[in-house]
Amino acid sequence: MTVTKPRPLRLRAPLPAWGSVLSALGGAALLVLSFQPFDWWPLVLPGVALSLVALRGRRMSAAFGIGALTGGAFFAVHIQWITVYLGPLPLVGLTGLMALWWGLGGMLLTLTWRLGERMRGPWARLVAVPALLAGVWMLRESLSSTVPWGGFSWGRLAYSQAASPLGDTSSWVGASGLSFLLAFVAGVVACLVLARGMLVRRRVVVGTAVVVALVAIPAFPVVESGTVRVGAVQGDSEAGLLAQYTPGEILQQHADATALLDGEQMDLLVWPENAGEQQPQDSVAASRIIDDVQRMVDAPIVLGAVTYEQDGDEVRSYNSLLLWDEGVQAEYHKRHPVPFAEYLPERDFFGPILDALGFLELIPRDYSLDPTSENAFEIDDVAYGLAICFDIIDDGLVREMVADHGAQIILAPTNNADFGEGSWENVQQLAIAQLRAQEAGRALVNVSTVGTSAMVLPDGTMVDRLPQYEPGAMIETLPLSDTVTPAMAAGAWIERAIAIATLAALLALALVRRRRA
């Protein structure tokens with residue numbers, strides 16, 4: 001009997017250099033369109049597939065350039081909102097940093113193609129190679145989302161799926177796991193297109209089956225444990241870094257907008273980040289305004305404010321949320337302040353550089369970090385998770401509020417006034433919050449100074465939404481839940497397991513290749 005040995009993975013020849021450049025730019029363009037404000041979420045699959053194909057067969061130096069080109073082109077458009085008030089320099093700096101990460105990731109993806117194509121057996125063609133490529137893609141996302149100084153989590157594949165049938169998959173595997181699955185399916189699509197000697201109808205059947213299997217994953221069942229009626233107010237306040245306003249103006253604008261809720265019954269009122277301006281508890285006038293609002297709605301208020309704390313000769317400032325119930329009953333200090341906006345990392349090094357460029361005046365102070373601040377308030381036996389603005393992009397903080405503090409609902413006050421009317425940033429951040437609701441299995445209140453504000457159910461459905469740059473108010477009865485989704489229970493271990501397995505497999509393939517050589 002003759003035994004036929006499995007043949008190595010056979011793919012078409014790599015693209016020429018000019019083809020890789022076009023493929024990289026095409027992938028970047030499709031990725032831009034898959035995110036908000038376009039929200040053409042299916043395009044994330046061909047976008048990633050083109051980005052992967054562009055890297056196949058390249059030398060390491062070329063792989064870095066192709067990866068950096070893809071990432072740079074994507075971010076230059078995706079985060080163009082950063083230029084509205086601050087000009088092009090921050091866009092160049094942040095895009096450059098992300099392009100560096102994508103370039104390093106491109107080198108590892110090219111190596112993955114090189115090692116993976118030497119594997120034997122039909123399973124390698126449609127499973128192992130795409131899985132390794134997806135693991136490397138997720139690893140690059142994870143690193144760029146945390147390093148340096150807390151990283152920049154914008155542009156993760158998972159965030160493109162908040163309004164798609166795939167968003168609820170995050171309840172099982174988290175944001176990183178969803179990015180892995182999306183990159184895996186895109187890798188399968190790429191290998192199906194490149195594979196030689198495979199019938200077209202078989203490619204279509206296999207590709208369709210993989211996509212359907214991903215879409216068919218149901219949301220983790222979330223059990224409702226009660227309800228709470230929440231009001232939220234958008235004051236349409238120019239509360240940005242460069243905004244000119246008189247003290248008390250922002251506070252009064254939110255008090256005026258709250259009048260839209262006069263006569264409504266509620267358990268809690270939520271105002272955005274910075275709505276209380278600075279240390280309102282020490283101002284007689286500010287305290288009177290907030291007390292009057294509280295009497296009108298007959299409910300506690302959670303509001304954002306800059307607060308101060310004396311520590312010897314040092315005065316520490318915090319971006320805070322206050323629980324106001326006849327005065328301040330609790331405070332939460334933001335745990336993920338934004339580098340080069342809310343604080344300047346390595347001020348001794350970067351300070352002179354930014355001063356020479358005329359940007360140092362935009363960061364006159366550093367918000368302090370309080371790692372002991374618990375990101376949940378207990379109000380009338382209900383645990384409210386707290387995420388101030390960019391806190392919502394921090395995987396660990398979302399898990400902490402649910403798994404450690406038992407949050408039954410999430411409040412996400414934010415201030416988007418630095419990004420301009422019609423800004424893409426507002427809707428991109430809302431999409432991240434929407435995905436977090438699905439990942440955690442929690443209703444979520446996203447309330448902004450200028451919009452876009454919305455209330456989201458645990459399945460990602462928006463039950464109310466306010467347009468940008470208009471004063472408004474929302475009030476809804478939202479579900480509570482004590483269910484801990486697998487994504488919240490497993491925490492970072494899903495991400496770590498995928499990363500460790502990917503790196504171990506690549507190391508093993510490299511050792512096998514070396515021995516055979």
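When all heavy atoms are compared, the tightest approach of A175 to A158 is O-CB, 3.3 Å. When all heavy atoms of Q36 and Q428 are compared, the closest pair comes out as O-NE2, 3.2 Å. The shortest heavy-atom contact between T83 and P88 is CG2-CA, 4.1 Å. Scanning both residues, P300 and L323, for their nearest heavy atoms gives CB-CD1, 4.1 Å. Here the closest heavy-atom approach between residue Q281 and residue V328 is recorded as CB-CG2, 3.7 Å. Between F35 and S160, the closest heavy-atom pair is CE2-N, 3.6 Å.
Checking T485 against S171 by side-chain atom types alone, no donor-acceptor pair falls below 3.5 Å. No side-chain donor-acceptor contact under 3.5 Å links Q253 and D236. Defined by atom type and a distance below 3.5 Å, a donor-acceptor pair is present between the side-chain atoms of S142 and E495. For the residue pair T449/E273, the side-chain donor-acceptor check at 3.5 Å is not satisfied. Between the side chains of N416 and S448, at least one donor N or O sits under 3.5 Å from an acceptor N or O.
Here L466 contributes atom CG and M474 contributes atom CE; the two are 4.5 Å apart, rounded to the nearest 0.5 Å. Separation of atoms CG (L478) and CD1 (I410) is listed at 12.0 Å; rounding is to 0.5 Å. Here the straight-line distance linking atom SG of C389 with atom CG of N319 works out to 8.0 Å at 0.5 Å rounding. How far CE of M138 is from OG1 of T502: 6.5 Å, rounded to the nearest 0.5 Å. Taking OG1 of T169 as the reference point, atom CZ of F220 lies at 13.5 Å (rounded to 0.5 Å). Note that CD of E141 is 4.5 Å distant from CG of L157, once rounded to the nearest 0.5 Å.
Between V447 and T414 the shortest side-chain heavy-atom distance does not fall below 4.5 Å. In this structure the side chain of L181 never reaches within 4.5 angstrom of the side chain of V185, judged on heavy atoms. Residues R465 and L430 are in side-chain contact: their nearest non-hydrogen atoms beyond the backbone lie under 4.5 Å apart. Considering only heavy atoms from C-beta on, L444 stays 4.5 Å or farther from M455 through its side chain. When side chains are defined from C-beta on, L386 does not count as touching L397, because their heavy atoms never get closer than 4.5 Å. Residues S176 and I494 fail the side-chain proximity criterion, which asks for heavy atoms closer than 4.5 Å. Between S237 and H254 the shortest side-chain heavy-atom distance falls below 4.5 Å. For the pair L321 and E331, the minimum side-chain heavy-atom distance is 4.5 Å or more.
Checking side-chain atoms of T483 against main-chain N and O of V223 turns up a donor-acceptor pair under 3.5 Å. Without hydrogens or angle criteria, T95 side chain to V92 main chain gives no donor-acceptor distance under 3.5 Å. Judged by distance alone, with hydrogens and angles left aside, the side-chain atoms of Q161 form no donor-acceptor pair with the main-chain N or O of V44 at under 3.5 Å. Side chain of S320 to main chain of L322: no donor-acceptor pair is present (N/O by atom type, distance under 3.5 Å, no hydrogens or angles). Using modelled atom types, no side-chain atom of E439 and backbone atom of S170 make a donor-acceptor pair closer than 3.5 Å. Put simply, the side chain of R316 never gets that close to the backbone of Q310: no donor and acceptor are under 3.5 Å apart. Although no hydrogens or angles enter the test, the distance criterion places a donor-acceptor pair under 3.5 Å between the side chain of Q438 and the main chain of A162. Side chain of E224 to backbone of S481: no donor-acceptor contact under 3.5 angstrom is found.
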side-chain hydrogen bond (donor to acceptor under 3.5 Å, both in side chains) between Q234 and S453, intermediate numbers included: CA-CA 7 Å; Q234 175 178 299; S453 299; 2.7 Å; yes

- request: Show your reasoning for whether ring-ring contact (aromatic ring centres under 6.0 Å, His included) applies to W101 and F75.
  value: CA-CA 12 Å; W101 275 117; F75 276 96; over 10 Å; no

query: Under the side chain to side chain contact (heavy atoms under 4.5 Å, CB included) criterion, do H405 and E378 qualify, and how do the steps go?
result: CA-CA 9 Å; H405 303 311; E378 187 83 19; over 6 Å; no

- prompt: When you look at S179 and R156, which way does the side-chain hydrogen bond (donor to acceptor under 3.5 Å, both in side chains) test go after all the steps?
  reply: CA-CA 7 Å; S179 284; R156 294 166 76 181; 5.0 Å; no

field: Pair Y308-Q278, side-chain hydrogen bond (donor to acceptor under 3.5 Å, both in side chains): steps then yes or no
entry: CA-CA 8 Å; Y308 300 93; Q278 300 191 33; 2.4 Å; yes

- prompt: Between N426 and T452, is a side-chain hydrogen bond (donor to acceptor under 3.5 Å, both in side chains) present by the stated rule, with each step listed?
  reply: CA-CA 6 Å; N426 301 12; T452 302; 4.9 Å; no

query: Step by step, would you call R288 with D291 a salt bridge (charged side-chain N to carboxylate O under 4.0 Å, His left out)?
result: CA-CA 5 Å; R288 184 182 299 116; D291 286 337; over 6 Å; no

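Salt bridge annotation for R436-D395: present, with a cationic side-chain nitrogen under 4.0 angstrom from a carboxylate oxygen. Residues R399 and D394 are not paired through a salt bridge, judged by the lack of any N-O separation under 4.0 Å between the basic side chain and the carboxylate.
Using cut-offs of 30° and 60° on the angle between ring planes, the pair F74 and W102 is tilted. The aromatic rings of F180 and F184 sit parallel to each other, their planes meeting at less than 30°, with 60° as the upper class boundary. Under the 30°/60° scheme for interplanar angles, the aromatic rings of H333 and Y318 are found to lie parallel.
No close placement of the Y159 and W41 rings is indicated, their centers lying 6.0 Å or farther apart. Aromatic ring centres of W81 and W154: separated by under 6.0 Å. Ring centers of F152 and F390: at least 6.0 Å apart, outside the cut-off.
No more than 12 heavy-atom neighbours from other residues, nucleotides or ligands sit within 6.0 angstrom of CD on E374. The number of heavy-atom neighbours closer than 6.0 Å to CD of Q329, taken from other residues, nucleotides and ligands shown, is above 12. No more than 12 heavy atoms of other residues, nucleotides or ligands sit less than 6.0 Å from atom CD of E326. Counted within 6.0 Å of CG on D404, heavy atoms from surrounding residues, nucleotides or ligands total more than 12; the atom is thus considered enclosed.
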